[in-house]
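The next block holds one structure in the form of structure tokens; read it before the comments.
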Amino acid sequence: MAPFSTNATILCTVASILACAQAGYAPKDAPKLPAGFCPSATGMATSTTGECMCNWQHKDGCVGSKCEFQMGLSWYHYSCDDCNCVAEPSS
């Protein structure tokens, strides 16, 4: 039988792997979104995370205090009161 410290290490490693695997999942229930959140003309609301993915995927595709632009995607969370997606300018 392995010493206690080896068993504890194995247990902690397995627990960490399981916790990390669960952390990547979206919530099961969608949040209650405020009225007028994410107009379809400029964005699309996610079904479980309460985010508005802007149609114009550009750093200027969202305006507001908590807009995000990462990995080529522009979005904001429903908790941001002053965030909005911007329509893509015509060329």
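Below, all heavy atoms of this structure are taken into account, side chains as well, without hydrogens, waters or symmetry copies.
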Which pair of non-hydrogen atoms, one from Thr48 and one from Pro31, has the smallest distance, and what is that distance? O-CD, 3.4 Å
Keeping to residues at least two apart or across chains, list the side chain to side chain donor-acceptor pair (under 3.5 Å) pairs with something in residues 64-73. Ser65-Asp82, Glu68-Gln70
Applying side chain to side chain contact (heavy atoms under 4.5 Å, CB included) to Cys38 and not counting sequence neighbours gives Ala45, Cys52, Tyr76
Examine distances only and state if a side-chain atom of Ser74 and a backbone atom of Cys54 form a donor-acceptor pair shorter than 3.5 Å. no
The criterion is side chain to side chain contact (heavy atoms under 4.5 Å, CB included); which residues satisfy it with Ser47, sequence neighbours excluded? none
Got a sec, which residues hit side-chain hydrogen bond (donor to acceptor under 3.5 Å, both in side chains) with Thr42, two or more places apart in sequence or on another chain? none
For the NZ atom of Lys59 and the SG atom of Cys67, what is their distance to the nearest 0.5 Å? 14.0 Å
Remaining members of the apolar cluster that contains Trp75, side-chain heavy atoms under 4.5 Å: Met53, Leu73
Leu33 side, atom CG; Ser79 side, atom OG - distance, nearest 0.5 Å: 11.0 Å
For His58, what residues pass the ring-ring contact (aromatic ring centres under 6.0 Å, His included) criterion, not counting sequence neighbours? Trp56
